[in-house]
Number of protein chains: 2
Amino acid sequence: MPIGLEVDDMKKLDEVVATRRQVKQGQMLFSNGDAFTSLYAIRTGFFKTCVANEDGREQVTGFQMAGEIIGLDGIVSDQHSCNAVALEDAEVCVMPFANVEELSREFPVLQRHVHKVMSREIVRENGMMMMLGNMRAEERLAAFLLNLVQRLHARGFSQSEMILRMTREEIGSYLGLKLETISRTFSKLSDDGIIEVKQRYVKILAPDELKKIFNPQSCQTVI
Amino acid sequence: MPIGLEVDDMKKLDEVVATRRQVKQGQMLFSNGDAFTSLYAIRTGFFKTCVANEDGREQVTGFQMAGEIIGLDGIVSDQHSCNAVALEDAEVCVMPFANVEELSREFPVLQRHVHKVMSREIVRENGMMMMLGNMRAEERLAAFLLNLVQRLHARGFSQSEMILRMTREEIGSYLGLKLETISRTFSKLSDDGIIEVKQRYVKILAPDELKKIFNPQSCQTVI
DNA sequence: AAAAGTCCTTGATATAAATCAAACGATTAG
DNA sequence: CTAATCGTTTGATTTATATCAAGGACTTTT
């Protein structure tokens, strides 16, 4: 993963990865309360992470795809504090955290990489707080779709089309909205000709319009 | 900070801290776009961190007090992505991140500590997402007050009384609510005899009632 | 001590999203 | 092939919070 490594270093790095693990759709990779031993790098598949209240309310805290790391929540208390559920059949690299720490001490470039991964997650969550605290439904969904398609595009998929791996309810939970609101907002964006939606299939017809909804300033024409 | 160190180790650890820095009330320790060089350990005083939208909307992402670390947001892109503002005169230890990384490689206990600090922040933000996505105004304010007084108590202050360092507007921004809603919710809790409020002074009269609002399940009596 | 500036409270009204409800479409099971 | 289930859409209504507005309290300045 981290660039700037010599070939010899790369071999050493393989030591981080102990094993691989298959996770079937609907299964949990780990759940709240599980002992923390490892981080997981997603090889294939798609996950959601979520936290649950004592009274049953659930909040999806993220959707993760190939190349992304999950399990960082477990470090602080040696226990996981969220659930990681596969939304499609998946395979992960199990990276025992003891190995990660040991090799981090040996390879500054790996150490730096681990720190960046954690910092990126903190910054992402700052952005989520902004979204949940300040944005309207349409802005949240626009931001969500733009983020998702951008990440998929970075993995070689289309920059305009995608198949959603999650339900309207899961999108709603992530965005702090109810599933009906997600459905209505999809319909609104579709009526406006900005996206095309058919169930899980979404095509972005007018990316600039979508960006304008997400962030009105960034697309303003100079008067 | 981290325990489990020999005395010799402690001396080494002092090397992490290059200098101290005073920050007057209202001043910024760092702001969005600043080059990232250091983490900051708060010695005295009280900070808020916030992110701002292009169109001016502001989201307070956290309130930090003595002993807490700020600046983690800067690691991922070598630039800070939020503002850190002192809400009262403050002093911080400047810890150049290069030193932190170098000594982390030498001292596993420090490495582990750094990882836990970052993981703790991720878990905190997960909790904030739950709050912003799922909770009603009264629940959010109850959770906020309980968290604040608990952290103050851990620093030797009262477990029932506190002086708020932030305005209603800043609390509202943090909790995804408007200042009027914060004010009304304070009044409601006060009318119910659960807290006593006089401007920035807050006294928790019925901590169990407050916990019940935050989490109805945890205080249920068995029928 | 008066004036000015913040910050806070409270009331009246508006509104975005939630809730309740029903029907529809797609997929799976029998 | 039909029934059942799950996820989705859409409509009608409610509700929590936002917005708008005014006055009050405290703090700082002069």
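Just so it is clear: chains get the letters A, B, ... in the order the sequence lines come, proteins before strands, and each one is counted from 1. Just the heavy atoms: all of them, side chains too, but no hydrogens, waters or symmetry mates, feed the values below.
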- Message: If you apply the rule side chain to side chain contact (heavy atoms under 4.5 Å, CB included), what do you find for A:Met118 with B:Ile75, and how did you get there?
- Response: CA-CA 9 Å; A:Met118 299 186 82; B:Ile75 299 171; over 6 Å; no

Is [X] touching bases, backbone alone, or none of the nucleic acid, heavy atoms closer than 4.0 Å?
X        : result
B:Arg140 : nothing
A:Gly172 : nothing
B:Leu177 : sugar-phosphate
B:Lys188 : nothing
B:Thr167 : sugar-phosphate

Rounded interatomic separation in angstrom, taking [atom1] from [X] and [atom2] from [N]:
X        : N      : atom1 : atom2 : value
B:Glu170 : C:dC7  : CD    : P     : 8 Å
A:Gln25  : D:dC6  : CD    : C1'   : 13 Å
B:Arg165 : C:dC7  : CZ    : P     : 15 Å
B:Arg200 : D:dA25 : CZ    : P     : 17 Å
B:Ile163 : D:dC26 : CD1   : C1'   : 14 Å
A:Leu87  : D:dG7  : CG    : C1'   : 14 Å
A:Phe186 : D:dT8  : CZ    : P     : 9 Å
A:Lys178 : D:dG7  : NZ    : P     : 16 Å

- So which nucleotide from D:dT17, C:dA26, D:dC26 ends up closest to the side chain of A:Lys198?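 Ranking D:dT17, C:dA26, D:dC26 by closest atom to the A:Lys198 side chain puts C:dA26 first.
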
- Options D:dT17, C:dT9, D:dT9, nucleotide nearest the side-chain atoms of B:Arg136: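 Looking only at side-chain atoms, B:Arg136 lies closest to D:dT17.
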
- Of A:Gln199 and A:Glu180, the one whose closest DNA chain C nucleotide lies more 5':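 Here A:Glu180 is the residue nearer the 5' end.
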
- Query: Is there a donor and acceptor pair, one atom on the side chain of B:Glu169 and one on the base of C:dC8, closer than 3.5 Å?
  - Reply: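 It does not, because no donor-acceptor pair links the side chain of B:Glu169 to the base of C:dC8 below 3.5 Å.
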
- Message: Angle between ring planes, A:His80 versus A:Phe36, binned at 30° and 60°: parallel, tilted or perpendicular?
- Response: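 Ring orientation of A:His80 relative to A:Phe36: perpendicular.
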
- Query: Is there a side-chain contact between A:Glu125 and B:Ile122, using heavy atoms and a 4.5 Å cut-off?
  - Reply: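 Counting from C-beta outward, A:Glu125 and B:Ile122 do come under 4.5 Å.
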
- Taking the side chain as every heavy atom from C-beta outward, state whether A:Leu148 and A:Met65 have any atom pair closer than 4.5 Å.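 Heavy-atom side-chain distance check passes, below 4.5 Å.
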
- Message: Out of the candidates B:Gln64, B:Met95, B:Arg21, only one should pair with B:Tyr40 under the side-chain contact (heavy atoms from CB on, under 4.5 Å) rule; please name it.
- Response: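 By the side-chain contact (heavy atoms from CB on, under 4.5 Å) criterion, B:Tyr40 pairs with just one of B:Gln64, B:Met95, B:Arg21: B:Arg21.
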
Does a side-chain N or O from [X] land closer than 4.0 Å to OP1 or OP2 of [N], or not?
X        : N      : value
A:Ser183 : D:dT10 : no
A:Arg184 : C:dA17 : no
B:Thr181 : D:dA16 : no
B:Arg168 : C:dT6  : no

- Task: Determine yes or no for a side-chain-to-main-chain donor-acceptor pair under 3.5 angstrom, with A:Arg165 supplying the side chain and A:Phe46 the backbone.
- Result: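 Judged by distance alone, no pair lies under 3.5 Å.
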
